[in-house]
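Report on one structure; see the data block that follows.
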Protein chains: 2
Amino acid sequence: MNKRQIQKKKTRELILQVAKKEFIKKGFLDTTTSEISKKAEIAHGTLFLHFKNKETLIIEILDKELESINTNIFKLISKDYNLERLLSQYLNLLQKEEDLFVVLARELPFYSDKLRRKILFRDSIIRNHFHKAIESGIKEKRYRDIDVTSAIIFLFGTINYYLSLKPIFVKEGSVIKKFKSSIIKTFKKLIL
Amino acid sequence: MNKRQIQKKKTRELILQVAKKEFIKKGFLDTTTSEISKKAEIAHGTLFLHFKNKETLIIEILDKELESINTNIFKLISKDYNLERLLSQYLNLLQKEEDLFVVLARELPFYSDKLRRKILFRDSIIRNHFHKAIESGIKEKRYRDIDVTSAIIFLFGTINYYLSLKPIFVKEGSVIKKFKSSIIKTFKKLIL
DNA sequence: CCCCTCAATGAGCAATCAGTCACCGAGTTA
DNA sequence: TAACTCGGTGACTGATTGCTCATTGAGGGG
């Protein structure tokens with residue numbers, strides 16, 4: 001890599017880093033591209049040299065996190081199907097990038113079809129991990145014979161609710177952390 | 001009321017009616033005021049003669065529905081605290097104006113503080129009805145000794161999830177109707 | 001019949017932003 | 001060192017949209 005290529009990569013990474021910070025602070029929709037370029041101390045046009053448009057930017061940022069969660073959950077589920085550990089680990093992963101997922105939970109309905117589908121696809125893969133874990137538990141008679149899909153929607157609906165209304169549930173710090181044990185406890189009550 | 005006053009009231013009601021239809025069709029944020037005035041066949045300025053701004057418009061529309069649900073639930077809870085009937089009735093009320101609540105579920109995080117607070121206040125009153133119903137059931141040993149708040153968030157989170165992602169769960173018709181029995185069944189499993 | 005009131009009008013304002021493009025100059029190559 | 005490449009620049013464009021205000025004319029009071 002010569003000087004030019006190094007500089008290009010640096011600029012690209014700078015944009016991603018600044019954009020992520022801004023998206024978390026103000027949400028995707030309320031963050032302007034000129035704000036990102038100003039904070040990154042680059043020209044407005046430079047941003048569009050590296051990313052076709054604003055949406056491509058957030059796709060790259062979100063995709064990295066969702067991919068990472070997916071990989072981690074998959075690794076865990078390959079070792080054992082213990083639902084409680086799976087849920088606990090999933091909540092830990094969410095917590096790590098909580099503020100980004102807060103933005104996601106709040107704004108998802110407003111994204112373009114393409115972006116929404118991409119995100120919901122990843123989401124559905126993770127939901128599927130839970131599905132398998134519960135079904136496996138039912139077969140081994142460890143859990144109640146319940147409507148698995150409903151139980152999962154109850155779970156993801158709750159998490160989404162906490163995330164999208166975070167400021168109501170918690171003044172500062174993590175919502176996921178605050179309600180983690182309660183979420184796990186309630187979910188266990190539902191399936192055990 | 002003379003001719004003038006009658007006409008004024010008529011215009012106001014026409015605006016409300018057209019606006020509601022448009023908000024349901026395209027959401028609050030994507031509906032433009034000029035669209036509403038065009039569909040209502042009035043001048044753009046007339047809209048602002050009757051409503052200070054776009055937000056005042058949706059406040060009036062939403063407030064009427066929320067007030068109505070609240071009154072209905074309150075009446076029901078005054079007669080008896082049976083949780084299953086309460087939940088069933090609540091879902092019926094939501095279903096009646098489902099598409100308006102879909103808009104609400106999707107866009108709530110984007111409304112102004114004032115509007116959000118107003119809506120969440122009403123919501124919290126309704127949640128409170130459920131709280132009382134469950135607590136009363138626990139005292140009479142009809143339900144499990146559970147974390148009532150968590151159970152309610154599980155419930156409202158689920159309903160919100162179904163509403164905000166309606167197009168994913170149902171191609172046409174009512175999501176609430178489709179999942180009503182499943183919601184009630186799952187919730188009963190949680191508390192019984 | 002005249003004058004005043006006021007609901008209604010709609011062209012236009014002001015502000016916001018995503019994205020473009022002609023140009024620049026540092027870095028690379030021969 | 002001359003010629004070329006290409007990453008970077010930022011003023012500008014075009015589209016959108018909530019809201020205003022000078023003006024109009026129908027309705028109502030005296």
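Residue numbers start from 1 in every chain, and the chains themselves are labelled A, B, ... in the order their sequence lines are given, proteins ahead of strands.
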Just call it for [X]: base, sugar-phosphate, or nothing, with non-hydrogen atoms closer than 4.0 Å on any strand.
{"X": "Thr11(A)", "answer": "sugar-phosphate"}
{"X": "Leu47(B)", "answer": "nothing"}
{"X": "Thr46(B)", "answer": "base"}
{"X": "Thr31(A)", "answer": "sugar-phosphate"}

Problem - Glu97(A) bridged to Lys20(A) by N-O distance under 4.0 Å - result: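 Looking at Lys20(A) together with Glu97(A), the answer is yes, because their closest N to O distance falls below 4.0 Å.
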
Problem - Glu60(A) and Arg12(A) ion-paired at < 4.0 Å - result: yes

Roughly how many Å is it from [atom1] in [X] to [atom2] in [N], rounded to a whole number?
{"X": "Asn2(A)", "N": "dT28(C)", "atom1": "CG", "atom2": "P", "result": "5 Å"}
{"X": "Arg12(A)", "N": "dC6(D)", "atom1": "CZ", "atom2": "C1'", "result": "17 Å"}
{"X": "Leu29(A)", "N": "dC17(C)", "atom1": "CG", "atom2": "P", "result": "11 Å"}

Practice task
Run through Phe187(A), Phe101(A), Phe156(A) and flag the one making a ring pair (Phe, Tyr, Trp, His ring centres under 6.0 Å) with Tyr90(A).
Solution key: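 When Phe187(A), Phe101(A), Phe156(A) are each tested with Tyr90(A), the ring pair (Phe, Tyr, Trp, His ring centres under 6.0 Å) holds only for Phe156(A).
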
Practice task
Could you tell me whether the side chain of Arg4(A) has a donor or acceptor atom within less than 3.5 Å of a complementary atom in the base of dG27(C)?
Solution key: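 Side chain to base: pair found, below 3.5 Å.
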
Exercise for the section: Give a yes or no answer on whether the side chain of Arg144(B) reaches the backbone of Lys189(B) with a donor-acceptor pair at less than 3.5 Å. Expected result: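 Present.
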
